[in-house]
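Structure record follows, encoded as structure tokens.
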Amino acid sequence: MSEQSPEQKMDNLNQTNVSDHSNEKEFLDQLRHSIDSVDCEIQTLINNRAKLAQQVATVKKEHIAKSPTAEKTNPIFYRPEREAQVLKAVMARNTGPIADEKMARLFREIMSVCLDLEAPQRIAFLGPVGTFTHAAALKHFGKAADTVPMTTITDVFREVEAGTAMYGVVPVENSSEGVVNHTLDGFLSSTLKIIGEVELPIHQNFLVAEHTKLDGLSRIYSHQQSLAQCRHWLDVNYPNVERVAVSSNGEAARRLKNEWHSAAIAGDVAAAEYDLHKLYSNIEDNPSNTTRFLIIGHEAIAPSGQDKTSIVVSAHDKAGALIEILKPLSYHGVSMTSIETRPERPNKWAYVFFIDMDGHVNDPNVSAAINDIRPLVKDLRVLGSYPKAVL
Ligand SMILES: C=C(O[C@@H]1C=C(C(=O)O)C=C[C@H]1O)C(=O)O
């Protein structure tokens with residue numbers, strides 16, 4: 001008899017009904033045997049994929065070696081536009097029963113280990129460990145990346161500028177709290193580019209440690225913003241327990257180690273990092289609360305097919321300046337997705353605008369709009385074109 005294909009084997013099993021088997025254990029054994037053989041195939045295929053990624057790495061290294069000496073730099077292994085395309089293709093061809101996004105997350109991790117084989121990636125993020133920025137870094141780069149906590153947003157910029165970290169992850173806006181000024185200001189004193197974005201739904205957990213005495217709770221730690229996001233839930237469930245604001249959710253989780261009478265509010269990464277128990281999940285008052293993070297780096301990113309471009313412009317101090325800046329976008333049919341204003345320091349009463357638009361700077365309409373804005377402003381810098389968040 002000829003060897004059956006994996007699809008035929010699956011069909012046979014799916015057609016078998018539990019009730020056909022007088023012996024349930026026998027059927028379970030058979031299913032587990034089939035799972036084992038599928039696992040073998042998956043493992044071989046993942047290793048085949050990893051070998052291909054290693055070959056890609058060799059080509060990248062050879063390309064640099066062949067280029068004229070003046071252009072010799074370290075090869076760039078991480079390709080965000082390609083990763084975005086891979087993840088979108090996974091979701092587009094997915095037929096289930098695994099949900100599109102869950103399948104893409106599995107591939108996210110496979111790509112993360114493939115990239116790590118090509119070259120380990122050191123990623124600086126606004127720490128400490130267990131914060132939502134840490135979760136964003138892992139969501140974007142996968143768990144094989146070497147994520148390194150930094151104390152401030154400025155430190156993340158510095159670490160990437162110095163080349164100690166290849167990329168950085170910083171929060172830029174929260175759907176209920178607004179923009180993170182430190183991050184926008186970071187771009188005014190840095191030449192780093194935006195090379196990607198991550199969106200993270202903010203889900204808060206009520207965390208306790210194994211040694212916590214639940215009937216003796218006297219303190220709930222969290223970052224001030226997280227306490228605010230769970231205010232209603234806390235008023236209903238723990239109206240008489242003191243709420244203590246600390247520097248981050250990660251720090252809140254860390255404190256439970258030595259205290260039996262305290263609980264913390266933090267996300268999943270903090271729970272896992274400090275081995276805490278989620279007594280209640282999703283306790284945030286607004287379940288659609290989302291934070292957006294930016295990935296910063298040195299390189300310009302090629303188009304992925306679904307991109308965003310961010311620019312910063314320094315406007316002339318005159319009436320109607322902003323209207324003039326926005327006209328070329330509408331003229332060239334470029335859709336603006338956000339605009340933020342920041343003071344242009346050290347000049348008093350002068351402002352810069354951070355503008356995000358749909359499209360890549362290589363798209364003719366985007367580049368035409370930017371070229372038309374240039375003569376209207378004191379200064380214009382393209383912060384980067386990068387793939388829109390996929391997951
Ligand atoms: C394999 C490559 O290198 C990296 C790994 C990728 C992958 O595992 O699919 C994709 C893009 C790069 O971040 C590549 O450039 O294609």
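In listed order, ligands and their atoms are each counted from 1.
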Indicate whether any N or O donor in one side chain lies under 3.5 Å from an N or O acceptor in the other, for T152 and D155.
yes

Report all N/O contacts between ligand 1 and the protein shorter than 3.5 Å as a table of atom names and distances to 0.1 Å; if there are none, say 'none'.
| unit_1 | atom_1 | unit_2 | atom_2 | d |
| --- | --- | --- | --- | --- |
| ligand 1 | 3 (O) | K60 | NZ | 3.2 |
| ligand 1 | 3 (O) | E118 | OE2 | 2.5 |
| ligand 1 | 8 (O) | R49 | NH1 | 2.8 |
| ligand 1 | 9 (O) | R49 | NH1 | 3.4 |
| ligand 1 | 9 (O) | R49 | NH2 | 2.8 |
| ligand 1 | 13 (O) | R79 | N | 3.0 |
| ligand 1 | 13 (O) | E83 | OE2 | 2.7 |
| ligand 1 | 15 (O) | K60 | NZ | 2.8 |

Got a donor-acceptor contact below 3.5 angstrom from the K139 side chain to the E199 backbone?
yes

Smallest heavy-atom separation, L376 atom then P328 atom, equals CD1-CG, 4.2 Å

Ring centroid separation F125 to F293 under 6.0 Å
no

If you round to the nearest 0.5 Å, how far is OH of Y78 from CD of Q121?
8.5 Å

Using a distance-only test with no angle check, is there a side-chain donor-acceptor pair under 3.5 angstrom linking S222 and N249?
yes

